[in-house]
Each structure stands twice: as structure tokens, then as C-alpha cells.
Student: 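Handing you this structure, nothing more for now.
Residues: numbered from 1 along the sequence shown. What you are looking at is a predicted structure, and each value in this text was computed from that prediction instead of being measured. Order of appearance sets the numbers: ligands from 1, and atoms from 1 within every ligand.
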Amino acid sequence: SNNYNDMWRSLGVNLEAHDQLLQALPPTYHDVYLTQTNRPKSMEYFDFVVNEIHGLRIQELQEHKKNGGKVIGAFCVFVPEEIVRAAGGICIGLCSGIDIGAAEAEQVLPRSICPLIKSFMGFKLAKVCPYFESCDMVVGETTCDGKKKAFEILNDYVPVHVMETPQMKKSRDKQLWLEEVQDFAELAQKTTGTEITDVSLAQAIQEVNGKRQALRRLSNLRKNNPVPISGKDSLLIEQIAMYDDVARFTAKVNELCDELEQKISTGAGVFPGRTPRVIVTGTPMAIPNWKVPHIIETSGAVIVAEEMCTGLRYFENEVAEADGLDSMLENIAARYLGINCAVFTPNTGRLEQLENLVRDYHADGVIHCTLSFCDPYAVEANRVEKMMKQKEIPFLKIETGYDQEDAGQLKTRVEAFIEML
Ligand code: BJ8
């Protein structure tokens with residue numbers, strides 16, 4: 001990876017801190033991923049992407065920028081990728097899944113804050129992420145208070161545009177969100193200098209729908225027993241979906257699905273057919289946050305679905321195709337407002353979805369994972385728990401951060417839960 005040093009330096013990346021980050025990744029990745037048995041052969045591509053995490057894709061972004069293209073970063077699945085693409089830009093989901101630059105972040109943020117927020121601030125202040133350093137603009141949202149206020153601070157270091165996500169889903173909220181989407185389309189065009197046309201937006205909608213369809217296809221295959229792919233591998237793919245090249249990624253996921261269908265037809269799987277099946281739900285698990293899934297899948301269970309933004313919330317809905325820019329923007333706004341994030345009140349859609357998922361994926365239990373200090377999900381966990389009790393679905397609630405200090409304790413709790421499934 002030393003070949004990339006010049007590129008990283010030219011981006012302003014702090015090479016020393018960056019080396020530390022890259023050194024932390026390979027052992028973790030090896031222990032969590034490469035020790036799994038029966039992995040599908042098509043996971044090779046996704047292993048390659050992780051291996052090249054700050055290499056090849058960054059090179060592609062730099063190529064794009066050299067040709068006058070823009071890169072736009074996002075922290076939430078509410079930011080409409082279709083619009084960025086229609087304006088000729090590349091949309092990158094910034095990860096924030098590792099405790100890095102915490103000392104720098106704590107200079108501008110309170111110590112007790114969601115690790116995801118601390119992580120993105122730390123990444124920026126410590127200049128360790130070449131994706132972040134490649135961004136011409138970052139798009140924030142007004143989802144939770146922590147993020148909303150942190151974007152004001154982040155704006156000191158990189159231009160940030162904040163989209164106002166509503167807190168309810170009434171007709172006036174829909175109108176507000178539609179206007180936010182329309183404004184964002186204006187801004188995207190101004191930023192890239194490229195006009196959004198009927199043709200470019202229709203194409204972007206199709207491409208991103210194609211990506212979501214491939215992910216849904218993969219997800220549906222996990223309804224089988226035995227499961228053809230681990231939850232950890234599935235999560236990795238869902239994480240990579242946020243920043244990889246759309247066309248290539250879509251093709252690779254479909255290739256993987258072809259292989260899995262083959263496997264299913266022979267009755268083969270990655271875990272024995274009697275393995276307890278678990279659904280995880282809660283806050284997103286950004287790359288490389290594989291902590292809880294690793295604990296679950298090394299404690300005798302398999303994860304069959306993620307009711308999370310790094311999971312189903314990212315791909316369960318698509319944008320309806322339409323003629324004319326106005327209708328397309330309306331359909332985009334409608335699709336995104338369908339996301340069941342805990343910042344909405346009420347958020348009954350999430351509860352209904354969870355109940356359906358338990359049935360459709362033949363789950364034996366649900367594990368609710370909240371990042372520490374995340375009020376929306378930690379409080380909403382009560383609604384989820386109440387519903388699970390009513391439906392007599394085994395339920396476990398976990399709250400944890402990015403450090404490994406509580407890993408042993410978590411494993412004990414998870415094992416006890418799985419044992420009773
Ligand atoms: S649509 S889940 S990606 S906001 S974990 S920063 S909520 S304190 S991430 Fe999210 Fe969009 Fe919703 Fe999805 Fe705040 Fe909670 Fe931290 Fe969070």
C-alpha cells in the first residue's frame with residue numbers, strides 16, 4: 001500500500017496517523033472475516049475492496065476529480081445519492097465506525113457523545129481519512145441533535161450543507177422534505193457545474209435502484225435454511241455499498257447471488273440448519289464496526305437480517321420511476337421519507353417492519369443494538385421491547401461503543417440469550 005503514499009500526501013492526509021489506522025485494520029479483518037468457514041467464493045471481491053480500502057477507490061475518486069468531477073460525502077442514508085449522480089458527482093457514505101482521533105474530537109465535542117459523531121469529527125480533525133479529504137462538500141441532516149449540532153462545528157473544516165429532515169411524516173413534513181430535496185438538487189448542480197436533466201436523473205434513479213435490488217436479492221436469499229451467507233459477510237457488503245462504484249458493486253453482488261442460489265439448490269449453507277437465527281436492529285454499524293455481529297456469530301447463532309441503515313433501511317425501498325424532473329424529485333423525496341429512523345415520532349413503521357422480518361426471515365430472536373449515548377434508539381428500544389413481549393419474540397438489548405472493553409461481558413450476555421432460543 002506504500003505506492004499510495006504520494007496520493008494520500010497530496011490529499012493532506014496525516015500519514016503517520018493514517019498508518020496507525022491501516023495497521024489496526026488487517027488483524028481485525030483477519031480475525032473477524034478470514035477465519036470464517038465455507039465463505040462464498042464471490043466474497044473475494046469484497047475482501048479485495050477492504051484490502052484496497054484507501055487505495056483503488058480513492059484513486060478512482062481522484063481520477064474523477066482530475067476530470068473536473070466532484071465528490072460529495074454523507075453520514076446518513078437520507079442524502080439522495082440519485083441527485084448527486086444525476087449532477088455528475090460521486091456520493092460517498094463516510095464511515096465513522098472506529099474510535100480514531102478521539103483526543104482531537106474531544107477538543108470540540110463533549111466527551112460523552114455518540115461514538116459515530118465523535119468518530120467523524122476525529123477523522124476530520126486528525127486528517128486520517130482519504131475519503132473525507134476527497135470530499136468537495138459534505139451533506140449533513142437534522143436527524144439527531146448530536147449530529148445536527150456537530151455539523152455546525154464540522155463546517156469550520158469542510159463545507160457542510162445540512163438538509164432539514166422532519167421529525168414526523170405528516171403532509172406538511174412531506175412538503176418540507178420535498179423542498180429540501182429540490183434545494184439539494186439546485187445545490188448539487190451549482191457544486192458540480194452540471195445540469196440535472198430528465199435523462200440523467202432517470203438514469204441515476206435506475207442505477208441506484210439496481211444497486212438496491214441486488215442488495216434485496218441477497219437479503220432474500222438469507223431467508224433460506226441453512227443460510228447461504230453469514231451475517232458478517234452480508235453486513236460488510238452493506239457497508240461497502242455506501243462508497244463503492246455503483247455499477248461494479250451491483251454486478252458483484254449479483255454474481256455473489258448467482259453463486260448463493262447454486263449453493264442453496266444443493267442444500268449447502270454456512271452454518272448448520274439448526275443454528276438459531278437472529279435479526280439485529282438499531283443504530284447503523286459503520287465499517288469497521290463488526291463488534292456485535294462477530295460476538296453473535298461466534299456464540300452459536302447466525303444473523304439473517306439487519307434492520308438498520310447499514311442493512312434493510314438502505315435498500316428495502318426504491319424510487320418509483322417517473323417522467324419529468326418534478327415527478328422524479330417527488331418520488332425521490334417520498335422514497336427517502338419512507339426510512340424508519342428513530343428520529344421520527346411516532347416510528348411505528350419500524351415496529352411493523354420488524355414484526356414482518358421476524359416472520360419472513362424465520363428468526364428465533366431479535367437483538368437491539370444501540371451505540372452508547374444515542375437517545376433516539378436507546379429510548380425507542382422500549383417500544384421495540386414492548387412489541388416483542390406482546391408477540392412473544394425473544395429479545396435482547398445491547399448498548400455499546402467502539403471500544404473492545406466490554407466484549408467479554410457482551411459475549412456472556414449474547415451466549416446466554418442464544419442458549420435459550
Ligand atoms: S436514517 S439511523 S443513518 S440518522 S447513532 S449519530 S442517531 S446519536 S446514525 Fe442514522 Fe440517518 Fe437515522 Fe439512519 Fe445520532 Fe444515534 Fe449517533 Fe446516529
Side-chain angles (χ1 to χ4, degrees), residues 73-81 91-99 102 105 109-124 138-154 160 162-169 173 177 180-181 184 212 235 238-239 241-243 280-287 289 291-292 306-317 332-333 335-347 349-351 353-354 368-384 397-402:
F75 291 104
C76 173
V77 298
F78 260 95
V79 177
E81 177 172 15
C91 185
I92 292 289
L94 294 166
C95 68
S96 326
I98 189 170
D99 195 3
L109 289 173
R111 273 188 59 116
S112 305
I113 195 167
C114 156
L116 201 145
I117 298 173
K118 196 182 275 188
S119 171
F120 78 62
M121 198 63 82
F123 266 109
K124 185 66 207 173
V138 164
V139 184
E141 4 67 45
T142 59
T143 49
C144 69
D145 288 349
K147 270 208 276 186
K148 178 173 72 187
K149 298 306 286 182
F151 289 132
E152 293 174 19
I153 302 172
L154 188 65
V160 179
V162 176
M163 296 182 80
E164 183 171 358
T165 46
Q167 305 200 348
M168 295 183 125
K169 295 183 181 182
D173 302 304
W177 177 241
E180 285 294 317
V181 168
F184 181 58
R212 301 197 210 274
L235 173 63
E238 289 156 355
Q239 291 169 331
M242 310 273 170
Y243 67 91
V280 288
T281 179
T283 46
M285 293 175 178
I287 210 167
N289 178 16
K291 178 175 159 182
V292 174
E306 298 76 27
E307 194 283 313
M308 310 187 145
C309 289
T310 46
L312 280 149
R313 272 184 240 138
Y314 180 71
F315 55 79
E316 64 194 352
N317 305 323
I332 288 173
R335 183 262 161 206
Y336 281 83
L337 206 56
I339 298 168
N340 298 320
C341 175
V343 297
F344 288 95
T345 185
N347 191 29
R350 179 172 171 224
L351 302 182
Q353 172 66 340
L354 259 173
H368 193 288
C369 307
T370 309
L371 283 171
S372 1
F373 308 110
C374 172
D375 285 345
Y377 283 88
V379 176
E380 195 165 279
N382 172 276
R383 303 292 84 187
V384 179
K397 205 166 58 179
I398 288 175
E399 218 173 298
T400 186
Y402 289 163

Student: Could you list which atoms of ligand 1 come closer than 4.0 Å to a heavy atom of F78?
Tutor: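 It comes down to these atoms of ligand 1: 1 (S).
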
Student: Please tell me if the side chains of F120 and L154 come closer than 4.5 Å, counting only heavy atoms from C-beta onward.
Tutor: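 Side chain of F120 against side chain of L154, heavy atoms only: contact under 4.5 Å found.
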
Student: Give the atoms of ligand 1, by number and element, whose distance to some non-hydrogen atom of C144 is under 4.0 Å.
Tutor: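 This gives 6 (S), 7 (S), 8 (S), 14 (Fe) as the contact atoms.
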
Student: Can you check whether I98 reaches F123 side chain to side chain, under 4.5 Å on heavy atoms?
Tutor: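 A side-chain contact under 4.5 Å exists here.
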
Student: Look at ligand 1 and say whether V343 reaches it with a heavy atom at a distance under 4.0 Å.
Tutor: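 No, that is not the case, since the closest heavy atom of the residue is not under 4.0 Å from the ligand.
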
Student: Only heavy atoms of T143, strictly under 4.0 Å: list the atoms of ligand 1 that pass.
Tutor: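 Close to T143: 4 (S).
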
Student: Do any N/O/S atoms of C374 come under 2.8 Å of atom 16 (Fe) of ligand 1?
Tutor: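 Looking at C374, which is the residue asked about, there is no N, O or S atom under 2.8 Å from atom 16 (Fe) of ligand 1.
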
Student: Give the atom numbers and elements of ligand 1 that come within less than 4.0 Å of a heavy atom of C76.
Tutor: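 Near C76, meaning under 4.0 Å from one of its heavy atoms, ligand 1 has 1 (S), 3 (S), 4 (S), 11 (Fe).
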
Student: Quick one: does K149's side chain get under 4.5 Å of E152's, heavy atoms only?
Tutor: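 Side-chain contact under 4.5 Å: yes.
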
Student: To check your reading of the model: name the closest protein heavy atom to atom 2 (S) of ligand 1, its residue, and the distance in Å.
Tutor: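 Result: Y377 OH, 3.1 Å.
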
Student: Do V77 and Y336 come close enough that some side-chain heavy atom pair is under 4.5 Å?
Tutor: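 V77 does not reach Y336 side chain to side chain.
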
Student: Please state which protein non-hydrogen atom is closest to atom 5 (S) of ligand 1 and give its distance, to 0.1 Å?
Tutor: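 Here the closest protein heavy atom is T283 CG2, 3.4 Å.
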
Student: Applying the side chain to side chain donor-acceptor pair (under 3.5 Å) criterion to T281, which one of H368, E306, R350 satisfies it?
Tutor: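 Result: among H368, E306, R350, R350 is the only option passing the side chain to side chain donor-acceptor pair (under 3.5 Å) with T281.
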
Student: Below 4.0 angstrom from a heavy atom of C341, which ligand 1 atoms are there? Numbered from 1 as shown, please.
Tutor: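 Ligand 1 atoms under the 4.0 Å threshold to C341: 1 (S), 2 (S), 4 (S), 12 (Fe).
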
Student: Return the residue, atom name and 0.1 Å-rounded distance of the protein heavy atom closest to atom 10 (Fe) of ligand 1.
Tutor: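 Its nearest protein heavy-atom neighbour is K147 NZ, 3.8 Å.
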
Student: Show the atoms of ligand 1 that are less than 4.0 angstrom away from any heavy atom in I117.
Tutor: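 Counting atoms of ligand 1 from 1, those under 4.0 Å from I117 are 6 (S).
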
Student: Is the shortest side-chain heavy-atom distance between V384 and L354 below 4.5 Å?
Tutor: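 A side-chain contact exists here, since the closest heavy-atom pair is under 4.5 Å.
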
Student: Is there a heavy atom of P284 sitting under 4.0 angstrom from any atom of ligand 1?
Tutor: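 Under 4.0 Å: yes for P284.
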
Student: Does F373 reach the side chain of I113, with side-chain heavy atoms less than 4.5 Å apart?
Tutor: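 Not in contact.
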
Student: Closer than 2.8 Å to atom 11 (Fe) of ligand 1, do we get an N, O or S atom from C309, backbone or side chain?
Tutor: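 Checking C309: none of its N, O or S atoms is under 2.8 Å.
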
Student: With respect to atom 14 (Fe) of ligand 1, please indicate if C114 possesses an N, O or S atom at a distance under 2.8 Å.
Tutor: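 Coordinating: no.
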
Student: How many angstroms lie between atom CD1 of I339 and atom CG of N347, to the nearest 0.5 angstrom?
Tutor: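 If I round to the nearest 0.5 Å, the distance is 11.0 Å.
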
Student: Taking the side chain as everything from C-beta on, heavy atoms only, tell me whether F75 gets closer than 4.5 Å to E141.
Tutor: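 A side-chain contact under 4.5 Å exists here.
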
